[in-house]
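Below: the structure, in structure tokens.
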Amino acid sequence: MSNDSIGAPGSYVQSQIIQAKAPPPVPSSRPWTPTRIAGTAWLTLWIAAGLGIVWFLLNSNHVALVFGGDGLLPVSITHNAKFLTKYGEKFISGFIVTLKLVGLSMLLGVSLSIPMTFMRMSKNRVLGGIAYGYVYFFRGTPLLAQVFLIYYGAGTFRAPLQSVDMWWFFRDAWNCAVLAFTLNTAAYQIEILRGSIENIAKGQREAASALGLPRWVTFWKIILPQALIISLRPYGNEIILMIKGSAIVAIITIYDLMGETRRAFSRTYDFQAYIWAAIAYLVMVEALRRTWDRIEAHLTRHLKR
Amino acid sequence: MNEILTLLSFGDMGWGDEIALGVVTTVSLALASLPIGLLLGFLLALAKKSEEPALRAAANVYTTIFRGLPELLTLFLVYYGGQILIQQVLSLFGELYFEVNAFLAGMVALSLVFSSYASEAFLSAFRAINTGQYEGANALGLGYVQTMRLVILPQLVRLSLPALSNLWLILLKETSLVSIIGLADIIRYSNMAARTTKEPFLFFSVACVIYLVLAVISSGGISRLDAWAKRGETSR
Amino acid sequence: MGFMRFATLATLALLASAQVQAKEWTKVRIGTEASYPPFAYTTADGKLTGFEIELGNALCAELKIECEWMPVDWDGLIPGLVAGKYDTIMASMSSTPERKQHIQFSKKYYQTPPGVAVPNDSKITEASVEGMSGALVGAQVGATHAVFAEDILTKSEVSLYPTADEYKLDLESGRIDAVVDDVVVLSDWLNSGGGNCCKLLGTMSPIPEIHGEGVGVGVRKNDQDLADLFSKAIIALRENGKYKEINDKYFDFDAYGE
């Protein structure tokens with residue numbers, strides 16, 4: 001630091017720069033408490049496991065680390081990487097099938113769950129009872145049983161289904177899977193919507209009726225927007241549950257990500273099939289979770305205090 | 001109608017006895033996974049609320065993995081991968097052998113998944129407990145273990161019970177996945193019966209009804225448990 | 001200390017592997033898939049039976065080895081063998097190049113061609129690539145015939161099922177147009193009344209690169225001696241007529257192939 005710029009000659013100008021005081025000592029080593037030892041050991045274990053998996057994948061694909069090679073990357077995949085060359089594309093197509101299945105079922109689930117939520121909340125006992133039974137059945141039984149029930153169950157009713165010209169629909173495994181997943185997710189979505197609608201403070205309704213707003217305006221303009229914002233988080237969780245749950249459609253001959261994985265494993269007995277699938281699912285779920293958190297944070301920013 | 005009753009009867013002609021065996025497998029698998037899942041979940045929650053960043057990070061990696069993977073995939077990873085891994089380790093010590101059977105694999109996989117969700121339930125229950133409770137216990141001269149056992153845990157049970165009951169119902173349904181690796185549970189036997197008798201609709205409906213009954217029984221148990229956990233509140 | 005321990009362990013491991021080499025086979029565990037009649041299946045009272053089971057028992061008697069059967073799901077057969085859950089596989093498993101990368105096989109003990117079954121009212125008239133063009137074809141995942149269907153029936157779409165029972169259900173309900181599997185398995189099903197719906201359309205010629213050298217006894221790669229034992233026993237049974245005896249109980253032709 002220099003004071004020359006001030007331009008004032010005088011005795012008060014310090015001839016020597018004052019030495020800055022040393023910053024307060026940073027506690028260079030935190031004590032090794034049992035929790036710290038445990039945490040570090042556990043973290044090391046995870047890192048070791050991660051490296052082990054990377055090594056396993058590289059090794060089983062005969063990936064050579066060539067330093068200073070003429071290629072762009074220092075890593076080259078040899079011809080022996082049969083697994084990746086043979087099944088890589090199939091994994092990608094399986095990934096797309098999974099996304100399609102979840103996306104389609106979620107959309108159909110939304111359109112089914114909105115009217116069903118009204119049924120569920122209606123004062124009419126019959127309508128309410130039907131919706132309640134529907135929700136109870138699909139939330140109380142395993143998705144796997146529902147898929148089997150719809151897929152193989154429909155096979156028993158081929159003749160009656162043909163007579164009403166519905167067999168073409170149930171004949172296709174894909175339709176059965178979408179139907180089962182739609183019915184399943186709709187049941188969960190009804191509960192999400194109902195929960196958040198009921199969560200809107202009573203005062204909101206009262207204020208609206210004090211303003212003389214008709215019921216449907218109150219619902220569409222006041223209740224529903226708030227309910228949707230409250231239900232953002234559970235909706236995000238539901239999408240994640242659907243992605244994970246969709247892995248079982250492989251059992252009814254659909255080649256989603258899990259289906260392609262099982263096919264690859266059954267032909268090569270190479271365990272990396274499952275490792276790749278695990279990585280793909282983890283990335284998919286984590287990416288969705290993080291984007292969803294951002295969307296939610298953005299949409300609810302006015303609620304932050 | 002009679003035909004259906006014969007198919008569901010106990011004995012040589014019917015599948016009732018087989019399906020009953022499946023129910024036993026399903027329930028024992030869920031009951032075996034529950035305590036392990038609860039314990040692991042509790043420890044994970046302690047790790048996540050610890051002040052040590054390494055411990056928190058490690059616990060978060062755990063939950064990210066087991067909440068992100070499809071349960072079916074976790075099951076395959078444990079069943080096939082676990083066997084390969086254990087065999088590799090054991091082969092270092094000579095000719096030892098340890099079999100990861102379908103029940104064990106199911107138990108481990110379900111506990112891993114259950115514990116990562118349970119840790120979140122415990123963590124939010126921990127957060128709901130006021131710091132004043134710890135300070136009060138401290139003022140009374142209670143040590144860490146005593147504070148936990150006498151002050152925190154009873155409240156933790158009450159606060160986390162709704163979320164945990166939900167997880168139990170999910171666990172009960174997820175046991176159905178072990179049928180895919182060959183364990184003879186409700187779904188497996190229904191599947192066998194469906195194939196042999198060519199009555200898939202009947203047998204899968206029966207399976208669904210059994211799961212519903214299990215859920216109803218669980219709900220009954222849970223509301224009793226809930227009343228017990230809240231006994232302190234009601235006396236006020 | 002660390003090194004000493006490592007050295008001891010290494011020596012122990014060496015000793016152990018040396019012992020494996022000289023192991024006397026007195027007891028052998030055999031993994032099989034018990035839902036593949038008439039080769040291996042479970043009867044109503046829970047007993048394992050079938051051509052393969054009887055042949056396996058005869059092989060063990062010939063070798064004076066005690067045998068224990070372990071029913072396993074098809075998917076898990078090779079992983080289970082490699083992991084040491086059992087010592088051999090007798091589950092209609094052909095010795096194909098892909099499988100030989102992981103395990104090895106004895107000489108073949110039977111070889112039958114792939115067959116095609118279709119519903120009675122099917123429009124498919126010929127068991128060929130062209131004849132099945134555009135059809136949805138079912139097969140069992142991981143089976144040689146599934147690989148055959150996927151790689152050879154290029155003009156058809158292939159659906160893979162966990163077990164044979166499931167594709168049977170779907171062929172009956174008309175969800176799939178045809179199934180490809182071992183002709184013996186298909187005709188056994190169709191003859192046993194299970195298949196009122198369907199008929200055997202014909203057989204196709206096996207492809208050596210896919211179907212390999214016929215069905216053999218699978219063993220781990222380092223158990224060459226066990227594979228040799230079974231190969232010898234198979235030839236012995238062929239010569240002393242026991243094979244024919246068992247064969248004739250199940251088939252009206254020689255399942256051994258040429």
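These figures come from a predicted structure and were not determined experimentally. Hydrogens, waters and symmetry mates play no part in the numbers below; they use all other heavy atoms, side chains included. Residue numbers start from 1 in every chain, and the chains themselves are labelled A, B, ... in the order their sequence lines are given, proteins ahead of strands.
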Honestly, the part of Y255(A) sitting under 4.5 Å from a heavy atom of chain C is side chain

> Side chains of D181(C) and Y36(C): donor-acceptor distance under 3.5 Å anywhere?
Replying inline: yes

Pair count under 4.5 Å, heavy atoms only, with chain C: among T268(A), I254(A), T253(A), T156(A), highest is T253(A)

message: Would R36(A) pass as a cation-pi partner of W32(A), given that its NZ or CZ must be under 6.0 Å from the six-membered ring centre and within 45 degrees of the axis?
response: yes

Okay, L160(C) and chain A: the region with an atom under 4.5 Å from a heavy atom over there is both

Using distance alone, with no hydrogens and no angle criterion, decide if T96(C) and S94(C) have a side-chain donor and acceptor under 3.5 Å apart.
no

Query - R267(A) with D151(C): basic N within carboxylate O range, under 4.0 Å - result: yes

Report task. Could you label the plane-to-plane angle of the F265(A) and Y274(A) rings as parallel, tilted or perpendicular, counting under 30° as parallel and over 60° as perpendicular? Result -> tilted

Applying a strict 4.5 Å limit to non-hydrogen atoms, the region of E150(C) in contact with chain A is side chain

Scored by heavy-atom pairs under 4.5 Å with chain A, the best of V141(C), V82(C), L169(C), D170(C) is D170(C)

